[in-house]
Enquirer: 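So that we are looking at the same thing, I have put the structure below in structure tokens.
Every heavy atom of this structure was used, including side-chain atoms; hydrogens, water molecules and symmetry mates were not. Counting convention: from 1, in listed order, for ligands and their atoms alike.
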Amino acid sequence: MSTATRPVKIRGTGSFTPSKVLTNEDLSKIVDTSDEWIYTRTGIKERRIASEEETTSTMGAEAAKKAIAAAGLTVDDIDMIIVGTMSPDMPFPSTACLVQTQLGARKAVCMDLQAACSGFLYIMEAATGFLCTGRYRNVLVIGSEKLSSILDWQDRTTCVLFGDGAGAAVLSLAEEGESGGIIDFSLGADGSNAELLYMPGGGCAIPASESSIQQRHHFLKMRGREVYKHAVRVMSQAAIEIVEQNGLRADQLSCVIPHQANMRIIEALSTRLSIPIERFYLNLDKYGNTSAASIPIALDEAVRAGKVKQGDKILLVAFGAGLTWGAALVEW
Ligand SMILES: CC(C)(COP(=O)(O)OP(=O)(O)OC[C@H]1O[C@@H](n2cnc3c(N)ncnc32)[C@H](O)[C@@H]1OP(=O)(O)O)[C@@H](O)C(=O)NCCC(=O)NCCS
């Protein structure tokens, strides 16, 4: 086995969001809520909702096509697909296998990785490890979620927060003499707090039954206040640690791409990192929290809007169910 020491580059990015928009106003007709409550508490104005035909795999495949094109590659160049999702098309086979066949990427080995909203950073680090073995040349990483399928549309404390969408990137080793690439990762997890944010039903602990359906076990459950406190603490810690460990100062970061869960969490992060909010890329007003898709959608939009340029140092930082969290430093 050969092990490579060159850094891993993000060669191209892509994203896809469904065309159906669900505004806060629309939501106020479904549950007892208001645009004012949702916007002031979260910063969300609207979110996208997938159609019946649109699934985690189809949205992931659309995002992937754009990422592969942006990388200047074809599907035949992709030798691994990793999908990060907590709303797979089905428990098995993996959503990555379903994406593979939709793309026609027959040479790719496929797997899913589940780290909830931190999923994209986890799959980026996994992809980096695989690339460093020297056995894979181009790994397609996809964060995709159809969260509307696991939301309880009678629970106003959760259904207003999330949306559907997908983001993707192609990762490969830097060429000889090529500058930039992923500098470092810092991932973490704390399973003792699993029940702060979870979906109890559908696995082997509570398989589908009449009673599990009556008890609404097949929907996402969350203790919002507690999640909020953990999110601010661990995201700030992960971000501060990775910047310091790499001998950088926060003011050297051109752009921060945070998991888009809640504007107040992002503002708290901005204060703790001493990085002005203007340097954060934000789109949660348009999409809400799209879990594993949130960072790759934001990254793709930032790149296409010219907000991330060659040589820029950027920070990606996320938090999610598990609990899980993570940060990544990248030189573009
Ligand atoms: C969910 C969240 C916005 C709630 O805000 P909060 O200020 O903590 O609000 P609380 O849960 O304490 O609820 C306050 C009141 O608003 C009510 N409320 C909850 N959701 C509501 C909604 N959509 N519309 C109107 N009122 C609502 C509650 O019932 C409660 O009413 P009460 O005081 O009469 O009991 C906030 O806790 C949060 O953002 N947490 C993090 C969630 C997150 O990001 N999760 C994903 C992580 S990846």
Side-chain angles (χ1 to χ4, degrees), residues 22-47 84-87 114-123 143-148 150-165 167 187-191 193-199 219-239 257-270 272 280 282-285 287-298 316-327:
L22 186 73
T23 65
N24 291 348
E25 194 60 38
D26 297 332
L27 268 170
S28 70
K29 293 172 192 137
I30 303 173
V31 286
D32 181 14
T33 190
S34 64
D35 175 46
E36 199 264 333
W37 192 97
I38 301 170
Y39 186 64
T40 54
R41 292 284 207 300
T42 70
I44 300 166
K45 281 184 179 296
E46 56 189 43
R47 70 286 294 140
T85 186
M86 62 180 200
S87 50
Q114 216 279 62
C117 300
S118 312
F120 196 73
L121 298 183
Y122 270 67
I123 59 179
S144 184
E145 303 279 10
K146 187 172 178 176
L147 299 176
S148 59
I150 57 165
L151 291 176
D152 185 344
W153 293 98
Q154 294 177 16
D155 177 9
R156 67 176 183 175
T157 68
T158 52
C159 73
V160 303
L161 303 174
F162 299 92
D164 300 333
L187 304 181
D190 171 14
N193 276 310
E195 289 185 11
L196 292 186
L197 178 51
Y198 74 134
M199 187 173 91
F219 294 125
L220 175 155
K221 320 266 177 212
M222 182 175 67
R223 302 219 299 264
R225 281 218 157 182
E226 286 156 80
V227 169
Y228 183 98
K229 284 185 208 145
H230 283 286
V232 172
R233 184 174 53 81
V234 299
M235 274 169 84
S236 318
Q237 264 171 13
I257 302 195
H259 171 45
Q260 314 275 321
N262 180 307
M263 192 57 203
R264 290 185 302 159
I265 294 177
I266 296 170
E267 280 165 356
L269 190 63
S270 152
R272 290 190 182 197
F280 283 63
L282 301 170
N283 63 10
L284 89 163
D285 58 329
Y287 305 127
N289 181 347
T290 57
S291 187
S294 138
I295 285 190
I297 293 174
L316 315 178
V317 57
F319 168 84
L323 301 174
T324 55
W325 58 89

Enquirer: Could you tell me, atom by atom, which parts of ligand 1 come under 4.0 Å of a heavy atom of D32?
Expert: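 Under 4.0 Å from D32, ligand 1 has these atoms: 24 (N), 25 (C).
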
Enquirer: Considering heavy atoms of the protein only, find what lies nearest to atom 30 (C) of ligand 1 and give residue, atom and distance to 0.1 Å.
Expert: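 Nearest protein contact, heavy atoms only, for atom 30 (C) of ligand 1 is R156 NH2, 4.7 Å.
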
Enquirer: Below 4.0 angstrom from a heavy atom of V160, which ligand 1 atoms are there? Numbered from 1 as shown, please.
Expert: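 The atoms of ligand 1 under 4.0 Å from a heavy atom of V160 are 23 (N).
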
Enquirer: Please state which part of T33 comes within less than 4.0 Å of ligand 1, counting heavy atoms only: side chain, backbone, both or neither.
Expert: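 Both backbone and side chain.
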
Enquirer: For atom 1 (C) of ligand 1, find the nearest protein heavy atom and state the residue, atom name and distance (0.1 Å precision).
Expert: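 The closest one turns out to be L161 CD1, 4.0 Å.
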
Enquirer: Show which atoms of ligand 1 fall inside a sub-4.0 Å distance from at least one heavy-atom site of G224.
Expert: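 Those of ligand 1 that fall under 4.0 Å from G224 are 37 (O), 40 (N), 41 (C).
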
Enquirer: Donor-acceptor pair, distance only, cut-off 3.5 Å: does the side chain of N289 make one with the backbone of L161?
Expert: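 It does not hold such a pair.
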
Enquirer: I need the atoms of ligand 1 closer than 4.0 Å to a non-hydrogen atom of F319, numbered in the order shown.
Expert: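 Close to F319: 48 (S).
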
Enquirer: Within the distance-only criterion (no hydrogens, no angle test), does the side chain of E195 pair as donor or acceptor with the backbone N or O of L197 below 3.5 angstrom?
Expert: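 Answer holds: no.
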
Enquirer: Return the CD to CG distance between E46 and D285, rounded to the nearest 0.5 Å.
Expert: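 Separation between the atoms: 7.5 Å.
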
Enquirer: Is atom 46 (C) of ligand 1 less than 4.0 angstrom from at least one protein heavy atom?
Expert: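 Yes, at least one protein heavy atom sits under 4.0 Å from atom 46 (C) of ligand 1.
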
Enquirer: Output the distance between atom CD1 (I295) and atom OG (S118), rounded to the nearest 0.5 Å.
Expert: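 Here the rounded value is 8.0 Å.
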
Enquirer: Measuring to protein heavy atoms, does anything land under 4.0 Å from atom 40 (N) of ligand 1?
Expert: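 Protein heavy atom within 4.0 Å of atom 40 (N) of ligand 1: present.
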
Enquirer: Is there a polar contact between ligand 1 and G320, counting only N or O atoms under 3.5 Å apart?
Expert: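 Checking ligand 1 against G320, no N or O pair falls under 3.5 Å apart.
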
Enquirer: Around atom 3 (C) of ligand 1, find the nearest protein heavy atom and jot down its residue, atom name and distance.
Expert: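 Here the nearest protein heavy atom works out to T42 CG2, 3.9 Å.
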
Enquirer: Are any side-chain N or O atoms of S236 and backbone N or O atoms of R272, one a donor and one an acceptor, separated by less than 3.5 Å?
Expert: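 Checking the backbone N and O of R272 against the side chain of S236, no donor-acceptor pair under 3.5 Å is found.
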
Enquirer: Does atom 35 (O) of ligand 1 have a protein heavy-atom neighbour under 4.0 Å away?
Expert: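 Given the 4.0 Å cut-off, atom 35 (O) of ligand 1 does not count as touching protein heavy atoms.
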
Enquirer: What's the spacing between K221 NZ and T157 OG1 if we round to 0.5 Å?
Expert: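 It is 9.5 Å, given to the nearest 0.5 Å.
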
Enquirer: Would you mind checking which non-hydrogen protein atom is closest to atom 14 (C) of ligand 1, with the distance to 0.1 Å?
Expert: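 Going atom by atom, the protein heavy atom closest to atom 14 (C) of ligand 1 ends up being R41 NH2, 3.9 Å.
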
Enquirer: Quick check on contacts: which atoms of ligand 1 are under 4.0 angstrom from a heavy atom of N289?
Expert: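 Contacts of ligand 1 toward N289, numbered from 1: 46 (C), 48 (S).
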
Enquirer: Mind listing the closest non-hydrogen atom pair of V31 and W153 along with its distance?
Expert: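 Here V31 and W153 meet closest at CG1-O, 3.3 Å.
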
Enquirer: Any side-chain heavy atom of Q260 sitting closer than 4.5 Å to one from I44?
Expert: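 No, side chains not in contact.
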
Enquirer: Under the side-chain contact (heavy atoms from CB on, under 4.5 Å) rule, what do F280 and L269 come out as? Steps first, then yes or no, please.
Expert: CA-CA 10 Å; F280 283 63; L269 190 63; 4.0 Å; yes

Enquirer: Considering only protein heavy atoms, which is closest to atom 20 (N) of ligand 1, and at what distance to one decimal place?
Expert: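 Heavy-atom neighbour on the protein nearest atom 20 (N) of ligand 1: W37 CH2, 3.3 Å.
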
Enquirer: If you count the atoms of ligand 1 from 1 in the order shown, which ones are under 4.0 Å from a heavy atom of R264?
Expert: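 This gives 5 (O), 7 (O) as the contact atoms.
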
Enquirer: Do H259 and ligand 1 have an N or O pair less than 3.5 Å apart?
Expert: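 No - when backbone and side-chain N and O of H259 are compared with those of ligand 1, no distance drops under 3.5 Å.
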
Enquirer: So which atom in S87 and which in S144 form the shortest heavy-atom distance, rounded to 0.1 Å?
Expert: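 Closest pair (atom of S87, atom of S144, distance): OG-O, 4.3 Å.
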
Enquirer: Should you measure from each heavy atom of Y228, which atoms of ligand 1 turn up under 4.0 Å away?
Expert: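 It comes down to these atoms of ligand 1: 38 (C), 39 (O), 40 (N), 41 (C).
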
Enquirer: Any donor-acceptor pair under 3.5 Å linking the side chain of E25 with the backbone of D35?
Expert: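 Here the side-chain-to-backbone pair does not exist.
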
Enquirer: Would you check the N or O atoms of N262, main chain and side chain alike, for any that come under 3.5 Å of an N or O of ligand 1?
Expert: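 Yes, at least one N or O pair falls under 3.5 Å.
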
Enquirer: Quick one: does S294's side chain have a donor or acceptor within less than 3.5 Å of a partner on T290's backbone?
Expert: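 Flag not set: sc S294 to bb T290 has no pair under 3.5 Å.
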
Enquirer: For ligand 1, is there an N or O atom under 3.5 Å from any N or O atom of R225?
Expert: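 There is such a contact, yes.
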
Enquirer: For atom 24 (N) of ligand 1, is the nearest protein heavy atom under 4.0 Å away?
Expert: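 Under the 4.0 Å cut-off, atom 24 (N) of ligand 1 does have protein heavy-atom neighbours.
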
Enquirer: Which ligand 1 atoms does A261 reach within 4.0 Å, using its non-hydrogen atoms?
Expert: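 Those atoms are 44 (O).
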
Enquirer: Is any side-chain heavy atom of N24 less than 4.5 Å from a side-chain heavy atom of R47?
Expert: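 Yes, close enough: below the 4.5 Å cut-off.
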
